[in-house]
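A short worksheet on the structure shown next.
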Amino acid sequence: MDASTVVGLSIQEARTLLDSRQVSAVELARASLERIARVEDRVRAFVSVTEDLALEQAHEADRRISEGRAAPLTGIPVQLKDNMATRGVKTTCSSRMLEDFVPTYDATVTRRLYDQDAVLLGKGNMDEFAMGSSTENSAFFPTRNPWDLDRVPGGSSGGPAAAVAASEAVFSLGSDTGGSIRQPAALCGVVGLKPTYGLVSRYGLVAFASSLDQIGPITRDVTDCAIVLNAIAGNDSRDSTSLNVDAKDYTDALASGEGSLKGLRIGVPTEYFVEGMEPEVEESTRRSIKLLESLGAEVAETSLPHTSFALSVYYILAPSECSANLARYDGVKYGFSDGEAESMWEALERTRGGGFGPEVKRRIMLGTYALSSGYYDAFYLKAQKVRTIIRREFERAFEEFDAIVSATSPTVAFALGEKTADPVRMYLSDVLTLPANIAGLPGMSVPAGTSEDGLPIGFQILAGPLKEETIFRIARAFEQASGWDGRGQGLPTVGHGTLVSPSP
Ligand code: GLN
């Protein structure tokens, strides 16, 4: 088996190959590592590649398969965003602050994947501390979009989305605070799910904004997404915000075929056709909505009038929480430390000044300001109140509708460097995704075609709390009917053409 064999492989397909012994987990791991070696100089989706660990785990997986005890992810090559703790493997958050940080424990999601003997290929590049929408805020290097190497993969989980799109990993896990799973999934033409807040444990996830952060799968198709959610969802006593819900088999919810969406009511909020949306994205979204109708869903326009406040609420709450969470990086406990100082205060200043990049500093300053006495009521408290209004608005909408759909991102992948000088323009990338975080709702981005330039466009499906099954039902039927199952559109063409050729 060589590297080309893993190109485009889904979890299910890999499972079949492994279980029928057409390929061993070690061969699959080797082919993935070879694929990484072949394309990584251009895509740069990995902060680190864990070759020895992968081969060791693959041996373990082969043993398990030969004993007839394979779990759904046994022997499947995975990447993890580099903000999830991996014992003995650097977890950098793409920050100088954690550049040499080697956790002594595994995140719960890591543990759950290891329990099934999944194979860790390495850690995914990201915007520093998950702050950003393009992966250009990584302290190390930007990741490139496999569909067009001059464009961004989105962010902050740009490494995970690019790694799956470029077939470096069969799947990855991302984290989503305001859109960081769904937006890069949309820009890279893969499937990304942000589960209900609290469905997946955050234990061992480096905190950004704890009331918004949520881990979820980034996969090639919808069925894979359900398989991965099965593995990582469920109560964890180590995370006090973890929900106490029974384990489910999300693959049961996958629907397909004509009429499969009969009885479902789907709302289309007018506010989600935002100003600045690219015409091709709008057209694609309207086409996608028509497709749902043709599958039997009842579609109606609706209004979520407070949508326009979501961005402001987010950019008060997320920085506020981040300013508190990132106070721990003081050069004393762990992480980067600049000890060349005369006094404690100078050491603190030098550590934080040199350890954090400009976007992280901007967020800490914004948050510290919003929480400071005299401004707390005007900013933080007010934002919390508007958060409640937004949440209630969704609650009412979900009395009427089973799901709400929209574009995932107002634009297709933009050029590297295009928005770095203008933070507010960059922040607008998440205008359609962050309301779900504010309300704690599940949301998925599924591929919905490409622009004329061959760049992927994503379609977002939102549902009420713990209604992931509704999303899976719609997403699978949509995927099947549209043919955009991560293969229907082919694999990355522009990038892919460049990717497989040995020359740069
Ligand atoms: N782009 C948003 C931000 O910069 C969302 C990030 C995320 O979801 N982690 O905060």
Side-chain angles (χ1 to χ4, degrees), residues 80-84 93-95 124-139 142-143 152-161 172-188 192-195 197 200 202 205-218 310-323 325-326 356-367 370 383 408-411 413-414 418-420 422-445 458 460 462:
L80 291 173
K81 187 177 182 178
D82 209 17
N83 57 354
M84 295 169 208
C93 242
S94 290
S95 177
N125 196 24
M126 54 186 280
D127 285 298
E128 183 176 10
F129 282 99
M131 299 171 195
S133 306
S134 68
T135 316
E136 291 164 296
N137 293 335
S138 166
T143 296
V152 303
S156 63
S157 313
S172 186
L173 295 186
S175 66
D176 191 312
T177 307
S180 282
I181 290 175
R182 290 160 287 158
Q183 184 257 13
L187 271 45
C188 289
L193 171 72
K194 180 201 98 72
Y197 181 76
V200 177
R202 290 182 296 111
L205 171 71
V206 180
F208 163 12
S210 309
S211 79
L212 302 159
D213 297 341
Q214 186 57 201
I215 294 173
I218 295 186
L311 192 77
S312 317
V313 167
Y314 177 86
Y315 276 99
I316 291 171
L317 296 183
S320 295
E321 292 184 29
C322 111
S323 75
N325 273 328
L326 272 58
F356 290 134
E359 184 59 30
V360 176
K361 288 182 195 165
R362 176 158 37 235
R363 304 280 179 113
I364 292 174
M365 284 192 282
L366 278 170
T408 307
S409 154
T411 71
F414 44 92
E418 193 181 318
K419 297 187 185 177
T420 38
D422 186 349
V424 176
R425 256 186 89 208
M426 187 71 93
Y427 295 171
L428 281 167
S429 305
D430 293 301
V431 67
L432 303 173
T433 47
L434 49 86
N437 301 76
I438 288 175
L441 304 172
M444 185 188 281
S445 180
Q460 179 176 241
L462 304 176

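For clarity, every value in this text was computed on a predicted model and none was experimentally measured. Every number for a ligand or one of its atoms is a count from 1 in the order of the listing.
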Are side-chain heavy atoms of [X] and [Y] found at a separation under 4.5 Å?
{"X": "Leu187", "Y": "Ser409", "value": "yes"}
{"X": "Arg182", "Y": "Leu462", "value": "yes"}
{"X": "Phe208", "Y": "Arg363", "value": "yes"}
{"X": "Asn83", "Y": "Cys93", "value": "yes"}

Ligand 1 atoms in contact with [X] (distance to a heavy atom under 4.0 Å):
{"X": "Ser133", "value": "1 (N)"}
{"X": "Ala130", "value": "6 (C), 7 (C), 9 (N)"}
{"X": "Ser156", "value": "9 (N)"}
{"X": "Met131", "value": "4 (O)"}
{"X": "Phe208", "value": "9 (N), 10 (O)"}

Looking only at distances, can you tell me whether any N or O atom of Lys81, backbone or side chain, sits closer than 3.5 Å to an N or O atom of ligand 1?
no

Heteroatom proximity flag, Asp430 to ligand 1, N/O under 3.5 Å
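Yes, there is a polar N/O contact under 3.5 Å.
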
Closest approach of any protein heavy atom to atom 10 (O) of ligand 1, naming residue and atom:
Tyr314 OH, 2.7 Å

Checking a contact table here: which protein heavy atom is nearest atom 6 (C) of ligand 1, and how many Å away?
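The answer is Ser180 OG, 2.9 Å.
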
contact_flag Ala318 ligand 1 heavy-atom lt 4.0 Å
no

Is there a heavy atom of Tyr315 sitting under 4.0 angstrom from any atom of ligand 1?
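Contact check Tyr315 vs ligand 1: positive.
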
Can you check side chain to side chain contact (heavy atoms under 4.5 Å, CB included) on Val360 and Ser95, steps first, answer last?
CA-CA 10 Å; Val360 176; Ser95 177; over 6 Å; no

Arg363, Met426, Met126, Glu359: member with heavy atom nearest to atom 4 (O) of ligand 1
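Result: the heavy atom closest to atom 4 (O) of ligand 1 is in Arg363.
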
Salt bridge or not for Lys419 and Glu136, using N-O below 4.0 Å?
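Answer for the salt bridge query: no.
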
Check against side chain to side chain contact (heavy atoms under 4.5 Å, CB included), Leu428 and Leu311
CA-CA 8 Å; Leu428 281 167; Leu311 192 77; 3.7 Å; yes

When you compare the side chains of Asp430 and Ser133, does any donor N or O come within less than 3.5 Å of an acceptor on the partner?
yes

